[in-house]
Number of protein chains: 2
Amino acid sequence: MLSMSPSDTRPIVEPRFFTFAEPPDAGLPLESGRTLGPVTLAYETYGRLNAKKNNAVLVCHAFSGNAHVSGFHRPEDKAPGWWDDMVGPGRAIDTDRFFVVCSNVLGGCSGSTGPSSVNPATGKPYGLDFPVVTIRDMVEAQRRLVDHLGIPKLLAVIGGSMGGMQALQWAASFPDRVRSVIPIATTLKHSPQQIALDEVGRQAVMADPDWNRGGYYGRKPPEKGLALARMIGHITYMSDRSMEDKFSRKLKDGKVSFSFATDFEVEGYLRYRGDNFVKRFDANSYLYITKAMDYFDLSGDRLFGNGRSVRTRFLVIAFHSDWLYPLYQSREIVHLLKMRGVDATYCEIQSTYGHDAFLLEIEEESRLIRHFLAKTQDIAGREDG
Amino acid sequence: MLSMSPSDTRPIVEPRFFTFAEPPDAGLPLESGRTLGPVTLAYETYGRLNAKKNNAVLVCHAFSGNAHVSGFHRPEDKAPGWWDDMVGPGRAIDTDRFFVVCSNVLGGCSGSTGPSSVNPATGKPYGLDFPVVTIRDMVEAQRRLVDHLGIPKLLAVIGGSMGGMQALQWAASFPDRVRSVIPIATTLKHSPQQIALDEVGRQAVMADPDWNRGGYYGRKPPEKGLALARMIGHITYMSDRSMEDKFSRKLKDGKVSFSFATDFEVEGYLRYRGDNFVKRFDANSYLYITKAMDYFDLSGDRLFGNGRSVRTRFLVIAFHSDWLYPLYQSREIVHLLKMRGVDATYCEIQSTYGHDAFLLEIEEESRLIRHFLAKTQDIAGREDG
């Protein structure tokens, strides 16, 4: 729950944890056929659930995100949550109006159960004994959290990139539990190029001898492999143009070294981002979460089933210069929605930031989301009397 | 020299070697200020130099190419040279008309002097003691070969990708030695995105403990790191669309494995290409040659110097869907040429193959090149009487 700290006007939020599928429960049934339990989800909430329980917005995070979407954990924190510009008092996802929930995904490494969690069967971290989970499994776990929080129907599920896949999956898995969906910079299914990029990231991790077939807990983790995977990722998050704008061919030390040291600023940036990432992310989670994205495929009849009438409203947002989740993938979502007569709005936002745009083009994105949520709330208000 | 074998009509070509800068020569002076010697270039020739010595075409290979551009070394060879569709009897670069030369680049690992060559000072492979070379250095070495072959002025220098950089460098370094230049799918300078992609490839090699700071000769080479670098490369050589056409989401075994084995055909393809590459390529050459590309910058006045009149003719070719060397980079070349009043033709070829198109869109490319070479030969014939 988000609150103001007495000494500071910075909104302070507390990390929370919800555990389910504990024995004697048989565990959370997974798409693979395996079960997993107990399962803990790390989550945060902001604002208050209203009396009609119809103002809840679920925010789903992208690949390397976490539950900390807004505000600060401690007044001395340097940086706020990862989408603080979008979520907070007076922001587009207005915590004065909405009850906002964000949880770390199943398989993650920021408080939710994942490969670095202790396997109750062995008393040791799962490592590769952790089952391969899917976006559907992640959403199934989120549904338990939503039940736990007493939310009968979400006003909206919103997310960018892998968060958008989860939002789409909510519409597929629990159409009666979600009034609207906002998939941003995402896709109905991972393309072979997206799978290929994920695969080289995984191979980078697995080629690192410190990976040790996933059994590196309590030892040196595969830092080089994970940093390398992240470097590849960062190239795909930016655009050719945004790299040109930010780095051009600027040299770190004014001249080339005629060696394999860092010559160009862009090289230093990538190494820095790679090295920083390994401090906060688990290499096995990298494998599991990218695999979940690669398995994701709601194309064809998978999004809505065959013939079912769809009452969920959609706002689909995509960005020019995003080459990781190109415009055509969002247009495919919209095409599918329109073919089914679904109430869907589609917006393409001009940007040079590439895939990162969903975290950076806040102003235009905010306007679209604010308006869409207000309208959805109007409809909810009328329907709920 | 290309010839027909008696038992077969397949054109047989013999690998050749040219060594220069031997003691007491002080060595080949390099852009870094260092010198290198002796230097050997592996090369092949096809067709015959005519009496006027004005029918020589120099083909420059791309990053992982070699001197074997056409024909077969042995009648039993399964595959011909890397651009056999383009270079040969009756082909666009017609070996019945032209004397075609192709050499492995300085720094390479297919017969020319590179980091895997023996350092005469130590009697051991250079490894990282090999000097960092540039595209200019590569072209300087080629010029010695052209001298050796008795060619006063090349009819054309042609190449795709890094081969195109060498072609441009010829116009910059030796404007009086080259009548025409055909840069294909290339750039005046590596962009930060291109540098970034090269840098992750280098980091992949250098993160492999078998790399051993370049000192792996006679031991296990850094196969995993080099395969990984090559996998990244292959993603950039294809387009999103060509990957979709070739692989879509096809599964290797009909269903997903819920493991980190190879699920999708695209994953299997990348692993195969990566594993194959390490059998034929030296990891240190990977570092040196990508560095040469990253240093490449003929923008501004660097291509022609200031005010010099330019008599070299240009045919610039680029491909739609090539996102590694995008159209705008070829347009920048053409813009620079036109600003200087240079005789330049620019063609964009429709293709879905991505950067690989320069090796695949042979039909349209051939038509353009055949016509351009014929016209250049006409001009040469008139000028040379």
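Since we're looking at a predicted model, the values are computed, not measured. Scope of the values below: all heavy atoms of this structure, side chains included, with no hydrogens, waters or symmetry mates. Per chain, numbering begins at 1; letters A, B, ... match sequence-line order.
- Of all heavy-atom pairs between Asp294(A) and Phe264(B), the closest is O-CZ, 3.5 Å.
- Residue Arg34(B): no heavy atom, backbone or side chain, is found under 4.5 Å from chain A.
- Atom OG of Ser248(B) and atom CD1 of Ile195(A) lie 8.5 Å apart (nearest 0.5 Å).
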- [ ] List the steps and the verdict of side chain to side chain contact (heavy atoms under 4.5 Å, CB included) for Met206(A) and Lys224(B).
- [x] CA-CA 10 Å; Met206(A) 297 194 291; Lys224(B) 284 188 174 181; over 6 Å; no

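- Contact annotation: the side chain of Pro192(B) approaches that of Glu244(A) to within less than 4.5 Å [non-hydrogen atoms, C-beta and beyond].
- For Pro131(B), no part lies under 4.5 angstrom from a heavy atom of chain A.
- Neither the backbone nor the side chain of Thr262(A) comes within contact range of chain B; no heavy atoms are under 4.5 Å apart.
- The most heavy-atom pairs under 4.5 Å with chain B, out of Phe247(A), Tyr269(A), Phe296(A), come from Phe296(A).
- Among the candidates Pro209(A), Ser259(A), Gly274(A), the residue making the largest number of heavy-atom pairs closer than 4.5 Å to chain B is Ser259(A).
- Phe277(A) CZ: more than 12 foreign heavy atoms inside a 6.0 Å radius.
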Task: side chain to side chain contact (heavy atoms under 4.5 Å, CB included) evaluation trace for Thr134(B) with Phe258(A) - done: CA-CA 9 Å; Thr134(B) 64; Phe258(A) 289 104; 3.9 Å; yes

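- Within 6.0 Å of NZ in Lys255(B) there are 12 or fewer heavy atoms belonging to other residues, nucleotides or ligands.
- Tested against Phe260(A), the residues Phe130(B), Tyr295(B), Tyr288(B) include a single ring pair (Phe, Tyr, Trp, His ring centres under 6.0 Å) partner, Tyr288(B).
- The candidate with the highest count of non-hydrogen atom pairs below 4.5 Å against chain A, out of Ser191(B), Gly33(B), Ala204(B), is Ala204(B).
- For the options Val256(B), Leu128(B), Leu270(B), Val133(B), heavy-atom pairs under 4.5 Å to chain A are most numerous at Val256(B).
- Ranked by heavy-atom pairs under 4.5 Å with chain A, the list Leu197(B), Asp208(B), Asp198(B) is led by Leu197(B).
- Atoms CG and CD1, on Leu228(A) and Ile232(B) in that order, are 6.0 Å from each other to the nearest 0.5 Å.
- Here the CG-CH2 distance, from Asp240(B) to Trp323(A), works out to 9.5 Å after rounding to the nearest 0.5 Å.
- Closest approach of Ile235(A) to Val200(B), counting heavy atoms only: CD1-CG1, 4.0 Å.
- Minimum heavy-atom separation, Val266(B) to Ala196(A): CG2-CB, 4.1 Å.
- Other residues, nucleotides and ligands place more than 12 heavy atoms under 6.0 Å from the CZ atom of Phe281(A).
- Residues Arg249(A) and His190(B) are in side-chain contact: their nearest non-hydrogen atoms beyond the backbone lie under 4.5 Å apart.
- Sparse packing is recorded around OH of Tyr272(B), with 12 or fewer heavy atoms of other residues, nucleotides or ligands lying under 6.0 Å away.
- Atom OG of Ser242(A) sits about 8.5 Å away from atom CD of Gln193(B), to the nearest 0.5 Å.
- Under a 4.0 Å N-O distance rule, the pair Glu267(A)/Lys291(B) qualifies as a salt bridge.
- Residue-environment remark: CZ (Arg302(A)) exceeds the threshold of 12 foreign heavy atoms within 6.0 Å.
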